[in-house]
Amino acid sequence: MIGRCPPAESRSHAFILFRRFPPKAPMSDLFATIRQSVLTAVNAAVPGLPPEIAARVEVTTTRDPAHGDMATNAAMVCAKAARLPPAKLAATIAEALRADPAIAEASVAGPGFVNLRLDPGVFRAIVPAILAAGEAFGDATTGTGTRVNVEYVSANPTGPMHIGHCRGAVVGDALANLLAKAGFEVVKEYYINDAGAQVTALAWAAYWRYLQAIGTPMTEEAFAAAVPGGLQYGGDYLVPIGEALARDHGEALAGPHRTIAEGTQMWLDTVRDFTIDAMMRAIREDLALLGVHPDVYSSERAMVASGAVDAVIGKLHTDGLIYDGVLEPPKGKTPDDWEPRPQTLFRATNFGDDVDRPLRKSDGSNTYFANDIAYHNDKISRKFDILIDVLGADHGGYVPRMKAAVRAVSHDSTKFEAVLCQIVHIVRGGQPVRMSKRAGTYVALRDLLEEVGRDAVRFTMLFRKADAQMEFDLDQAIAQTRENPAFYVQYAHARCRSVLRMALETLPAAELTSEALARVPLDNLTDDADTALLRRLATWPRTVEAAAIAREPHRIAFFLYDLAGDFHMLWNRGRDDSTLRFLQAGKPEETRARLALVAATAIVIRSGLRVMGVEPVEEMR
RNA sequence: GCGCCCUUAGCUCAGGUGGAUAGAGCAACAGCCUUCUAAGCUGUGGGUCGCUGGUUCGAGUCCAGCAGGGCGCGCCA
């Protein structure tokens, strides 16, 4: 039904519909393992414990290492069902857990926590597990068997990409990667809004440049006065398109008298097609520079032409969800030109929206919403379980009606979710960098990438919650210091790789493969900094899972920042205490143990950066 | 007027869906560079989590109200 443009550049993966990571390695989440032990103990202490209560049992890290390695709320959660005071139940659970060889110590604390200290070997075992699984370590099965479509960017093809598009592009891309790592079958999709009045205005603007190119210039004012809607896209980027039109068509598009009204229909389609193609090429290039490569491009115009919109409206009509009616004006804010008007309406209120929503404009054409229903219906027909739209926060009011539409069209079989991205304010040295669409001084994505670099752009965009406003400090994004999280994390990876390279000078390569390092005894990893790093590595699988469930890729960025901090800390400890250095002259056994930890750290950093679409660099220059 | 999002250290922001004494970076203060990479490191100070109530063993987190900021509110996308 929908037109899918072939990718501009031939990339093999553009045709891979589903991204999958290798199958999950067994027993990757230490917390899940320990939680099982806790549940076993709880079920023994409280026979017949309802499953919904057991589901609330958590095993978490402790905030304070003095409390042990992990803590569980089991006794407090189950106390009521057990008809026991939390402390007493906790004591019973703790007693049972002491029998577990993985648990070195179990004690009752506070209002009924059970604090657990694990056998040190349990944490160390995370290292060979990582080395064996490689970057697949942390893959989850949360999404196994669930098909997700992530639609993002979806900019109007009316100009090059600018900073306003960037956050959604990066967040959507990373979210899709994250969901894939959590086991979902994911399609990345770009919806080309090439059907509305915007692209007609674009065609007019390109035509203006065309007239200039063939030597019939009109002033901006004269042209704006002569065309419907005025000149909406005055940016220079259309100059080459006007020139290209002139090359291809000579003066044929201008008509004998070269007036605007003359022969409009003749050239409008030609110019529009040509311009949209050129814009989409530019957008794809910009996206590629940002590291974004959608699997599927869907064209709104092709979809409309296919009759899909009328079809879906017909379907809704059959279901009794369409009627002609008159909407009330919004209370407290009646537009000046308000007049009651019968419209074709969709019963969105049947599905939780505030008001029913119009599907046709007064001129009989479809609203954007009508087209979007058809588009989402197309996605539904492609058998997704979940549709996720990554949208700008200014589309927040649009979400309930889209949710209603997806419920209606899919008969509740498909879930619709929206991830909203707030505005990004660009600042330099604390001063805002002003942007104005009218003046054409939007910060172009390409300029931003040139100045800051792809990795720093992506990392910075992901180093905040998507729905929080963000200040993007250009100086900070370029800085080669800890202030710049992209640098800080990449530097940690580069340090890992650097140590491993250097190790090759004293140890045979065969002893430094993942397989060889996975067999090394790790008993000498006893420093607090070692332990902190091991503990952090152990939380990677649950971080992935929780971030995927919450649809929050920024958690990956924060995890990596913390992990890098742990690694740098350990590195720096080697300055004061030479026995903590990774390369120990004359002590190959200890060196290999430390290198195993380093190699595991590098793998997890790489795996996290991969989700974010940031390059794990081998060295810093 | 209504709806959604937001309000956490001087600044920029986390806070894993209700857990223990609320964290990080920057800035400030005090120390530290002959070193596997000082592109820094260690330590200290810094808080009525906007305000007021409520729910319960327990609230930054959930609920209600209020104040302040952002976004949206029929034929824009």
Side-chain angles (χ1 to χ4, degrees), chain A residues 56 58 60-64 67 71 73 76-77 79-80 85-86 109-113 115 154-156 158 193 195-199 300 326-335 338-341 343 345 354-369 371-372 392-400 420 422-423 427 430 463-465 467-471 473 476 479-485 487-488 491 494-495 498-499 502-503 539 542-543 545-547 549-550 552 554-555 557-559 561-562 565 568-569 571-576 578 581-585 619-620:
Chain A
R56 291 181 53 210
E58 289 181 340
T60 59
T61 55
T62 55
R63 199 184 297 278
D64 186 345
H67 294 145
N73 61 353
M76 290 177 289
V77 170
K80 200 165 282 182
F113 286 101
N115 288 335
S154 297
N156 288 331
T158 52
N193 293 137
Q198 302 293 320
V199 291
E300 180 181 6
V326 180
L327 289 175
E328 297 284 314
K331 288 193 171 35
K333 190 220 164 205
T334 307
W338 178 271
E339 52 183 87
R341 182 180 290 127
Q343 290 174 298
L345 298 170
D354 297 331
V355 290
D356 294 334
R357 303 293 179 174
L359 298 178
R360 296 207 201 277
K361 304 179 193 175
S362 54
D363 67 0
S365 64
N366 295 322
T367 60
Y368 177 81
F369 178 50
N371 288 357
D372 220 14
D394 55 343
H395 288 64
Y398 187 72
V399 173
L420 299 180
Q422 279 285 357
I423 290 290
V427 299
F463 202 57
R464 249 132 199 77
K465 234 180 344 191
D467 62 355
Q469 289 179 31
M470 165 167 110
E471 282 197 7
D473 190 319
Q476 184 175 309
Q480 304 283 80
T481 68
R482 181 168 190 167
E483 290 175 68
N484 178 357
F487 166 80
Y488 192 66
Y491 186 33
R495 273 182 158 173
S498 160
V499 170
M502 219 163 320
T539 61
R542 68 196 324 248
T543 300
E545 185 167 25
I549 290 171
E552 291 184 340
H554 77 276
R555 294 192 197 183
F558 280 94
F559 172 87
Y561 186 68
D562 290 340
H568 287 307
M569 167 80 78
W571 177 287
N572 291 319
R573 288 296 304 277
R575 221 183 282 152
D576 306 326
S578 62
R581 297 189 184 181
F582 299 120
L583 304 176
Q584 300 282 327
E619 57 182 329
M620 310 296 282

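Residue numbers start from 1 in every chain, and the chains themselves are labelled A, B, ... in the order their sequence lines are given, proteins ahead of strands. Side chains are part of it too, since the values below use all heavy atoms of this structure and drop only hydrogens, waters and symmetry mates.
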Participant: Assign a letter to each nucleotide of nucleotides 6-16 of chain B from its 5' end: B, base within under 4.0 Å of a protein heavy atom; S, sugar-phosphate only; -, no contact.
Facilitator: ------SSSSB

Participant: Can you tell me the distance, in whole Å, between the CG atom of A/Leu420 and the P atom of B/G70?
Facilitator: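 Those two atoms, CG and P, are 18 Å apart.
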
Participant: Between B/G3 atom C1' and A/Asp356 atom CG, what is the distance in whole Å?
Facilitator: 16 Å

Participant: Under the side chain to side chain contact (heavy atoms under 4.5 Å, CB included) test, which residues partner A/Ala503, sequence neighbours left out?
Facilitator: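 Partners of A/Ala503 under the side chain to side chain contact (heavy atoms under 4.5 Å, CB included) test: A/Leu512, A/Leu583, A/Leu595.
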
Participant: Should the pair A/Phe369 and A/Tyr398 be assigned to parallel (<30°), tilted (30 to 60°) or perpendicular (>60°) ring geometry?
Facilitator: perpendicular

Participant: Considering heavy-atom distances to RNA chain B, does A/Tyr488 or A/Met76 have its closest nucleotide positioned more toward the 5' end?
Facilitator: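 By nearest-heavy-atom nucleotide position, the 5'-most residue is A/Met76.
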
Participant: Anything under 30° is parallel, anything over 60° is perpendicular, the rest tilted; go ahead and classify A/Tyr491 against A/Phe487.
Facilitator: parallel

Participant: Applying side chain to side chain contact (heavy atoms under 4.5 Å, CB included), can you list everything that pairs with A/His67, at least two apart in sequence or on another chain?
Facilitator: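 So A/His67 forms a side chain to side chain contact (heavy atoms under 4.5 Å, CB included) with A/Thr62, A/Asp64, A/Asn115.
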
Participant: Other residues, nucleotides and ligands only: do more than 12 of their heavy atoms fall within 6.0 Å of CD1 on A/Ile549?
Facilitator: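 Enclosed: over 12 neighbouring heavy atoms sit under 6.0 Å from CD1 of A/Ile549.
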
Participant: My understanding is that only residues two or more places apart in sequence, or in another chain, count here; which of them pass side chain to side chain donor-acceptor pair (under 3.5 Å) with A/Ser362?
Facilitator: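 Partners of A/Ser362 under the side chain to side chain donor-acceptor pair (under 3.5 Å) test: none.
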
Participant: For B/G19 and B/C62, measure between their P atoms and round to the nearest Å.
Facilitator: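 Roughly 11 Å separates the two P atoms.
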
Participant: Using the P atom as the point on both nucleotides, what is the distance between B/A20 and B/G16, in whole Å?
Facilitator: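 Their P atoms lie roughly 11 Å apart.
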
Participant: Determine the interatomic distance between C1' on B/U8 and the same-named atom on B/U48; round to the nearest Å.
Facilitator: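 Per the computed distance, 12 Å lies between those C1' atoms.
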
Participant: Students often get this wrong, so: under 4.0 angstrom with heavy atoms, is A/Ala479 touching a base, only sugar-phosphate, or nothing?
Facilitator: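 Touches nothing.
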
Participant: Would you please test A/Glu300 and A/Asn371 for side chain to side chain donor-acceptor pair (under 3.5 Å) and show each step?
Facilitator: CA-CA 7 Å; A/Glu300 180 181 6; A/Asn371 288 357; 2.8 Å; yes

Participant: With stacking defined as ring centroids separated by under 5.5 Å and planes differing by under 30°, is A/Phe113 stacked against B/A20?
Facilitator: yes

Participant: Of all residues at least two apart in sequence or in a different chain, which pass the side chain to side chain contact (heavy atoms under 4.5 Å, CB included) check with A/Thr539?
Facilitator: A/Phe31, A/Thr61, A/Arg536, A/Arg542, A/Thr543, A/Phe559

Participant: Could you work out the separation of B/U21 and B/C49 based on their P atoms and round it to a whole Å?
Facilitator: 14 Å

Participant: Taking the same atom, P, in B/G3 and in B/G46, what whole-Å distance lies between them?
Facilitator: 42 Å

Participant: Rounded to whole angstrom units, what separation is found between the CZ atom of A/Phe559 and the P atom of B/A24?
Facilitator: 18 Å

Participant: Return the stems involving RNA chain B, sorted by first number, where pairs are Watson-Crick (N1-N3 with N6-O4 or O6-N4) or G-U wobble (N1-O2 and O6-N3), both under 3.5 Å, and runs are 3 or more long.
Facilitator: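 Stem segments, range with range: B:1-7 with B:67-73, B:10-13 with B:23-26, B:28-32 with B:40-44, B:50-54 with B:62-66.
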
Participant: Quick one: side chain to side chain donor-acceptor pair (under 3.5 Å) partners of A/His568, sequence neighbours excluded?
Facilitator: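 Checked A/His568 against side chain to side chain donor-acceptor pair (under 3.5 Å); matches are A/Arg495.
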
Participant: Would you please name every residue forming a side chain to side chain donor-acceptor pair (under 3.5 Å) with A/Glu552, sequence neighbours left out?
Facilitator: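 Residues passing side chain to side chain donor-acceptor pair (under 3.5 Å) with A/Glu552: A/Arg555.
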
Participant: Pair A/His554, A/Phe463 - check side chain to side chain contact (heavy atoms under 4.5 Å, CB included), show working.
Facilitator: CA-CA 6 Å; A/His554 77 276; A/Phe463 202 57; over 6 Å; no

Participant: Which pair of heavy atoms, one from A/Tyr488 and one from A/Gly565, lies closest together, and at what distance?
Facilitator: OH-CA, 3.4 Å

Participant: Return the set of residues passing side chain to side chain contact (heavy atoms under 4.5 Å, CB included) with A/Ser578 (not counting sequence neighbours), or none when no residue passes.
Facilitator: A/Arg581

Participant: With P as the reference atom in both, quote the distance from B/G45 to B/G53 in angstrom, rounded to an integer.
Facilitator: 31 Å

Participant: Could you give the distance separating B/C32 and B/G47 at their C1' atoms, to the nearest angstrom?
Facilitator: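 30 Å, rounded to whole Å.
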
Participant: Rounded to whole Å, please give me the gap between CG in A/Asn73 and C1' in B/A59.
Facilitator: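 Between C1' of B/A59 and CG of A/Asn73: 15 Å.
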
Participant: Would you name the heavy atoms of A/Val199 and A/Asn193 that are closest together and state the gap between them?
Facilitator: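 Taking A/Val199 first and A/Asn193 second, the nearest heavy atoms are CG1-O, 3.9 Å.
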
Participant: Rounded to the nearest Å, what distance is computed from the CG atom of residue A/Asn115 to the P atom of nucleotide B/A20?
Facilitator: 11 Å

Participant: Please list, pair by pair, any protein nitrogen or oxygen found under 3.5 Å from a nitrogen or oxygen in nucleotides 30-37 of chain B.
Facilitator:
unit_1	atom_1	unit_2	atom_2	d
B/U35	O2	A/Arg581	NH2	2.9
B/C36	O2	A/Phe582	N	3.4
B/C36	N4	A/Trp571	O	2.5
B/U37	O2'	A/Tyr491	OH	3.3
B/U37	O2'	A/Arg495	NH2	2.9
B/U37	O2	A/Tyr491	OH	3.0

Participant: Using the C1' atom in both, what is the distance from B/C41 to B/U35, to the nearest Å?
Facilitator: 12 Å

Participant: What residues form a side chain to side chain donor-acceptor pair (under 3.5 Å) with A/Asp356, not counting sequence neighbours?
Facilitator: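 In terms of side chain to side chain donor-acceptor pair (under 3.5 Å), with neighbours along the sequence ignored, A/Asp356 is linked to A/Tyr323, A/Thr349.
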
Participant: What does the list of N/O pairs under 3.5 Å between the protein and nucleotides 75-77 of chain B look like, with a distance for each?
Facilitator:
unit_1	atom_1	unit_2	atom_2	d
B/C75	O2	A/Ser362	N	2.5
B/C75	O2	A/Ser362	OG	2.3
B/C75	N3	A/Arg341	NH1	2.8
B/C75	N3	A/Ser362	OG	3.3
B/C75	N4	A/Arg341	NH1	2.2
B/C75	N4	A/Arg341	NH2	2.2
B/C76	O2'	A/Gln198	NE2	3.1
B/A77	OP1	A/Lys361	NZ	3.2
B/A77	O3'	A/Asn156	OD1	3.3
B/A77	O2'	A/Asn156	OD1	3.0
B/A77	O2'	A/Asn156	ND2	3.1
B/A77	N3	A/His395	NE2	3.2

